[in-house]
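Structure, as structure tokens:
Computed from heavy atoms alone, side chains included, the values below leave out hydrogens, waters and symmetry copies.
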Amino acid sequence: VHKLLAVLSDAQRRVGSDDEKVKLSLEIARVARNDAQAAERAIDAFKLVLRHEPTNAEAADSLKQLYRRSGKWNALVEMLRGELDALPAD
């Protein structure tokens, strides 16, 4: 897992377009999210995806799950508040 993450991270640094960086970030996050030692890496990668694609449901759902698993309750609450604020007012 760690070798694969290193290769993907190297590729991410070398690509020029934001779209390619986002795609590689998503792949890094998918690989890292199931490895307890790489949870922070997955969190960082999913956050990068959401900065470029705020409506990416996979990144948002996975990030919330990672926050729960790692006990990052403040970050989870902040994310949920942001989602509530983004809802249209009735």
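When each of V15, V49, L48 is checked for a side-chain contact (heavy atoms from CB on, under 4.5 Å) with L24, only V15 meets the rule.
Contact check on K23 versus E53 returns no salt bridge, with no Lys/Arg side-chain nitrogen under 4.0 Å from an Asp/Glu carboxylate oxygen. Ion pairing between a basic and an acidic side chain is recognised when a charged N comes within 4.0 Å of a carboxylate O; R81 and E78 show no such pairing.
Closest non-hydrogen pair, A29 versus A45, comes out as CB-CB, 3.6 Å. A pairwise comparison of heavy atoms in G16 and K21 identifies O-CE, 4.3 Å as the closest pair.
Residues L80 and V77 are members of separate hydrophobic clusters, defined by side-chain heavy-atom contacts under 4.5 angstrom among Ile, Leu, Val, Met, Phe, Trp and Tyr. L87 and M79 are assigned to two separate hydrophobic clusters, defined by single-linkage of ILVMFWY side chains at heavy-atom distances under 4.5 Å.
In this structure, V31 and R41 have side chains that are not in contact, with every pair of non-hydrogen atoms separated by 4.5 Å or more. Using a 4.5 Å cut-off on side-chain heavy atoms (C-beta onward), L26 and V22 make no contact. Between Y67 and N74 there is no side-chain heavy-atom pair separated by less than 4.5 Å.
Side chains of D35 and H2: a donor on one and an acceptor on the other come within 3.5 Å.
Note that OG of S62 and CZ of R30 are 8.5 Å apart. Values are rounded to the nearest 0.5 Å. Annotation: the span from R68 atom CZ to L66 atom CG amounts to 10.5 Å, rounded to 0.5 Å.
Around the NZ atom of K72, the shell of radius 6.0 Å holds no more than 12 heavy atoms that belong to other residues, nucleotides or ligands. Within a 6.0 Å radius of CD in E58, other residues, nucleotides and ligands contribute more than 12 heavy atoms.
With sequence neighbours left out, R13 forms a side-chain contact (heavy atoms from CB on, under 4.5 Å) with S9, D10.
A distance-only check finds no donor-acceptor pair linking the side chain of K64 to the backbone of L76 [under 3.5 Å]. When atom types are taken as modelled, the side chain of R33 and the backbone of I43 share no donor-acceptor pair closer than 3.5 angstrom.
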